[in-house]
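Below: the structure, in structure tokens.
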Amino acid sequence: MPDADLRPAPPVTPDADATAYDPKQVEAGWYAFWDAHGFFRADADSDAPPHVIVMPPPNVTGRLHMGHALQDAVQDALTRIRRMQGYNALWLPGMDHAGIATQNVVERRLREQGIERKEIGREAFIEHVWTYVEEFGGIIFQQKRRLGDSCDWSRERFTLDEEYNRVVQDIFVRLYDEGLIYRGNYLVNWDPDNMTALSDEEVDNVERDGQMWWIRYPYSDGSGHVTIATTRPETMLGDTAIAVHPDDERYTDLIGKTVTLPLLGREIPIVADEHADPAFGAGALKVTPAHDKNDFEIGKRHGLEVLTIMNPDATINEHGGPYEGLDRFEARKRIVADLDAQGLLDRVEPYKNTVPISSRSKAVIEPLISRQWFVKMKPLADPALAAVRAGEVTFYPERWQNEYFRWLENIRDWTISRQLWWGHRIPVWYYTDEHGERDESRDFVVSVEQPEPGMVQDEDVLDTWFSSWLWPFATLGWPDETADLKAFYPGTVLVSGYDILFFWIARMIMAGIHFTGEVPYRDVYITGMIKDAQGRWMSKSLGNGIDPLEMADEYGADAVRFSLNVLCTPGQDIKLEPSKFEMGRNFANKIWNAFNVFGRFMEPGPEGRLRDYRRSRSFDELELVERWILTRLNETIKTVDEAVGRYRLNEAALAIYDLFWRDYCDWFLELIKPPFGEAMDEDKIALAVEVYEQMVKLLHPFMPFITEEMWHRLRPRAEGDACIVAAWPTWKDSEVTMDKKDFRLRERGSAAIQSFSLIQEITTSIRSIRSSYNVPPSRGISVVLSIPSEEWNVVDPIGNPDSLERMLENHASYFEQLARVDDLDVVREGQKPKASATAVIPLRTATASIEMFVPLAGMIDLDEERTRLRKAIDEKEAFFVGVERKLQNRQFVTRAPEDVVARERQKAADAKAELQKLRANLEDLG
RNA sequence: GGGCUCUUAGCUCAGUUGGUUAGAGCGCAUCGUUGACAUCGAUGAGGUCACUGGUUCGAAUCCAGUAGAGCCCACCA
């Protein structure tokens, strides 16, 4: 166990000449600190409600890419929020052995050393893979630590560790015993590069510019020929029939005749089959049952011979006559040339067709008949469909559930055997003959253990996904009734991209229900995929990838995480470029610097520790801006909680960003920081600390490092006290008064919000005038606020007991600090001083407005002022006309809800009053 | 051939059940640097919410269609 506090102690007194924000420095030690304190560990015996996320296991050979960073930013934010909220939060990490991918990586490496896999044999090769895995396997987890991922490393799993292997084998046996796994000779997707079968999901259909060859097949009786069209002329070597549509008049009398297969001279029949489309090509179809799915079916219907003409490496086999040994594409060239030479090539046309490609090797898939293991999917899919239909699993965004339904409804059996070495061996055993060879005449035995001495195990391994689909429960000790399984299954939410919805997410739901009787998680949160600035997938070949670690080095891990969370609209792809991380970095910088506003006035406490600043005043004793910021904080906590509940982390992150920057820094700090050389009142420090601390907690799930750092700079902390386990802020309903539709029209808004909003508007208005007249910042100004006398006792925007007049007068210092107003005069129905700039500020709570005069003797340019006022009038008038039009519509007045109509009336009256004053002021200018 | 998504400020994107004078970041313009931050502050310019119809008192938001971009699925040789 490392030293509990690996973190250098934070400065006792924050440095007055504080250093600039340096993410590298801030992010250096906290991970070890958290880890050493065991904050990441979930407790299987806890009474707290669980919150469980299983990490989509990255490939064991993988390196961190932006997709990981995005999903981790989301998963870790969720985990940290729930942990702070008191949940027993588990984020379970692990790695995937990634069969083909890993085997290829190691094979390539060995080849560089001059070692061929086939030469050294299976056992030696597997040993090499394990060596490689041990050497490089954990790298991605080191990278994830750099991002701050708070996973429970004590529960880390690998899809090929010993216990996991046992589960996979058990599952195979179980499914076999249930009749859901079977072996058979079928046409499968064959990857000639890797020389293995693949599932349908591992095949991509790519549209390519190809060619259509029109070939003449002479009738055996010499009476002419039939022309067929094909995109794969080499498969003609395996043709065992020609098919025509039974109703196709052109060919009806040919049915039953035979043609002579060009080049090979075999005689093959012409059969009638509905599948032949008279409208396509020549209407006649060559039938190659061993190399085409449809032809396979036709062959079955007509009892045709199934003639495989290719070897597993896609070279032509002994059935190819003179073409034996040639690669399929070389054979194609030769065959076309030979046909042409014999006058049997009718024509060649350019043709756009879809070609099946191995998603792994990118090799063109060859449909090939081979003996493989399959899982019968329908019995698994039906309950999985029903469960989601019944709402046991909710997709975010919802539309992905339709994709899920569509796939499951049309599901086909799953080819699970792979002709690879790296993976879970298939638990099937064969008897051997006297030479030690498989005795195919005897039945095989399905069993985890070797049933009898001398029996040999199936050479094949299982599809990687056959182990990953067990991830949510196999990682928790299933099938044993472990404490972990009881505590953490089913999980809470799965966070993943839509690219593996079928591969993994849907299959996990099937497996969860089938084997445990429960769905593996209640929610599925689908993220978008990371694209480059042009919207293309990031890939090694394009070289357009952005390395998250480089970004973390340049901008900070906090910045990367925050930006990713802001950019992540559920289900929407993200066009990413490095500059996007500036937002996060600038924000972190802001967080850092904001602390210094009050931090530099904080004094040391006893024993050289930090002093603990605590507020001594009640809410009602606070000054306006303090009450205001607490109210805004309260509103924001609510917004955040609601957004998180809907997995809208982008909204949550932006809400805090806004609060911190726009409210706390731009207004609150500006008002409470002391003038010039004066010290800061300790009560004010206490309040600043209090709000900052709450915001730091809200931000922690998005920016764990800087918030942990600031957490320890804010107050003296006891051993074991840390932001990562601090109690999540709570909001009080009584203080939430936000009208989410309109910030400025909060009719029920709290006194603090209403009053301070008015001060903000007046301030902005003064600044605007200063700006248009280029009043130098150093120059103080006078401002006259003219309040309507008729509303004197009605308007009471701050609640009792203050009047509007007193409220404004009492906060003259605010205007001084914010807009350099030396002299504030609040009057009733005051006269406009000579040479004043004017503005009208509506009172949002009553049909009245405040008129503002800014005397600027010698600075007022009448033309300028006229232009300003005209512009204000034009804007207001356009608005007024729009509102009036609505109000004059009788339908609107009678049918719209009362409060909506009332609001419009209020708007119209406000606008009218303002217009009146603006016009009067304009006239005044002559 | 089916299905889905997107089209909102110069750029990248937010905008929950239809009612805000449609927002943010970046960029742009003007002004500002003797102490929180120029990775900053103040002020401002900039949008017929792709188009056409419909529903509604009211549509960026719901419905239908059109155009463009992209994705997924599908056995048409």
Side-chain angles (χ1 to χ4, degrees), chain A residues 16-18 20-21 205 212 228-232 235 243 275-277 279-282 284-288 292-297 353-354 367 399-400 402-403 406-407 410 498 501-502 529 533 535 555 559 563 566-567 569 571-577 579-580 582-583 585-600 642-643 646 648 650-651 654 657-658 665-666 669-670 673 676-677 739-745 764 767-772 774-777 818-819 875-876 878-879 882-883 886 889-897 899-901 903-904 907 911:
Chain A
D17 36 38
Y21 169 60
N205 292 307
M212 180 78 88
I228 57 89
T230 181
T231 52
R232 294 192 299 153
T235 62
H275 181 260
D277 179 359
F280 189 93
L285 177 70
K286 66 190 269 305
V287 184
T288 322
D292 183 277
K293 269 184 201 169
N294 292 308
D295 293 6
F296 185 75
E297 296 301 319
N353 62 336
T354 51
R399 66 187 152 90
W400 288 107
N402 297 327
E403 289 285 297
R406 194 178 46 71
W407 187 69
N410 301 300
Y498 55 76
L501 177 59
F502 307 143
M529 308 302 295
Y555 300 96
S563 290
V566 166
L567 293 170
T569 306
Q572 227 52 52
D573 289 349
I574 296 170
K575 281 197 233 171
L576 194 68
E577 46 195 329
S579 62
K580 299 276 187 187
E582 285 169 13
M583 182 199 197
R585 181 204 51 190
N586 294 353
F587 186 37
N589 184 248
K590 192 74 177 176
I591 294 168
W592 179 268
N593 283 306
F595 171 76
N596 289 131
V597 174
F598 56 89
R600 70 198 154 110
E642 282 175 352
R646 294 167 16 242
R648 301 301 302 246
N650 56 335
E651 285 178 28
L654 279 176
Y657 177 92
D658 246 26
C665 292
D666 289 352
L669 287 184
E670 288 302 326
K673 70 180 175 191
F676 307 132
D739 178 342
K740 59 188 168 187
K741 291 300 178 193
D742 187 355
F743 173 79
R744 286 159 301 185
L745 286 174
T764 303
R767 285 166 168 175
S768 184
I769 286 170
R770 291 191 70 117
S771 176
S772 6
N774 284 322
V775 181
L818 296 169
E875 277 171 8
K876 191 57 72 180
F879 173 65
V883 177
K886 243 191 225 179
N889 181 346
R890 182 158 298 154
Q891 303 277 28
F892 171 72
V893 179
T894 51
R895 296 208 193 178
D899 60 313
V900 173
V901 178
R903 193 152 65 210
E904 292 304 309
K907 280 193 224 168

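Computed from a predicted structure; not experimentally measured. Naming: A, B, ... by sequence-line order, numbering from 1 per chain.
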**OP:** If B:rC4 has a Watson-Crick or G-U wobble mate with both distances under 3.5 Å, name it; if not, just say none.
**Re:** B:rG70
**OP:** Go ahead and name the base partner of B:rU30; Watson-Crick or wobble counts if both distances stay under 3.5 Å, otherwise write none.
**Re:** B:rA42
Original post:
For B:rG58, does either OP1 or OP2 sit under 4.0 Å from a side-chain N or O belonging to A:K886?
Top reply: no
Original post:
Can you check whether A:K293 has a side-chain N or O nearer than 4.0 Å to OP1 or OP2 of B:rC76?
Top reply: no
**OP:** Report yes if a side-chain nitrogen or oxygen of A:K575 is closer than 4.0 Å to either non-bridging phosphate oxygen (OP1 or OP2) of B:rC13; otherwise report no.
**Re:** yes
Subject >> Nearest-Å distance for atom pair CZ/P, residues A:R399 and B:rC4 >> reply: 11 Å
**OP:** Tell me the partner of B:rC11, counting only Watson-Crick (N1-N3 plus N6-O4 or O6-N4) or G-U wobble (N1-O2 and O6-N3) with both under 3.5 Å; none if nothing fits.
**Re:** B:rG25
Original post:
Rounding to a whole Å, what distance do you find between A:N589:CG and B:rC40:P?
Top reply: 7 Å
Original post:
Just to confirm, is there a sub-4.0 Å distance from OP1 or OP2 of B:rA77 to any side-chain nitrogen or oxygen of A:T231?
Top reply: no
Original post:
Between A:E904 and A:E875, which has a closest nucleotide on RNA chain B that is more 5'?
Top reply: A:E904
Original post:
To the nearest Å, how far apart are A:N353 CG and B:rA77 P?
Top reply: 6 Å
Original post:
For the pair made of CD in A:Q572 and P in B:rU16, what is the distance, rounded to whole Å?
Top reply: 13 Å
**OP:** Pick base, sugar-phosphate or nothing for A:D666, based on heavy-atom distances below 4.0 Å to the nucleic acid.
**Re:** sugar-phosphate
**OP:** Starting at CG of A:N650, measure out to OH of A:Y657 and round the result to the nearest 0.5 Å.
**Re:** 14.5 Å
Original post:
Please give, in whole Å, the distance from B:rC4 P to A:D573 CG?
Top reply: 18 Å
**OP:** Find the partner of B:rA64: check Watson-Crick (N1-N3 plus N6-O4 or O6-N4) and G-U wobble (N1-O2, O6-N3) distances, both under 3.5 Å, and reply none if neither fits.
**Re:** B:rU52
**OP:** For A:L285 and B:rC76, give me the distance from atom CG to atom P, rounded to whole Å.
**Re:** 13 Å
Subject >> Which nucleotide in B:rC73, B:rG32, B:rU43 has an atom nearest any side-chain atom of A:R767 >> reply: B:rU43
Original post:
So, is A:S768 close to the B:rG44 phosphate, meaning a side-chain N or O under 4.0 Å from OP1 or OP2?
Top reply: yes
Original post:
For A:K876 and B:rU21, is the shortest distance between a side-chain N/O and OP1 or OP2 below 4.0 Å?
Top reply: no
Subject >> Minimal non-hydrogen separation, A:A588 against A:Y21, with atom names >> reply: CB-OH, 3.4 Å
Original post:
So what does A:D277 hit on the nucleic acid, given a heavy-atom distance under 4.0 Å: a base, only sugar-phosphate, or nothing?
Top reply: base
Original post:
Paired with B:rG47: which nucleotide, if any, by Watson-Crick or G-U wobble criteria at under 3.5 Å for both distances?
Top reply: none
**OP:** Nearest whole angstrom, please: distance from the P of B:rA24 to the CD of A:E651.
**Re:** 16 Å
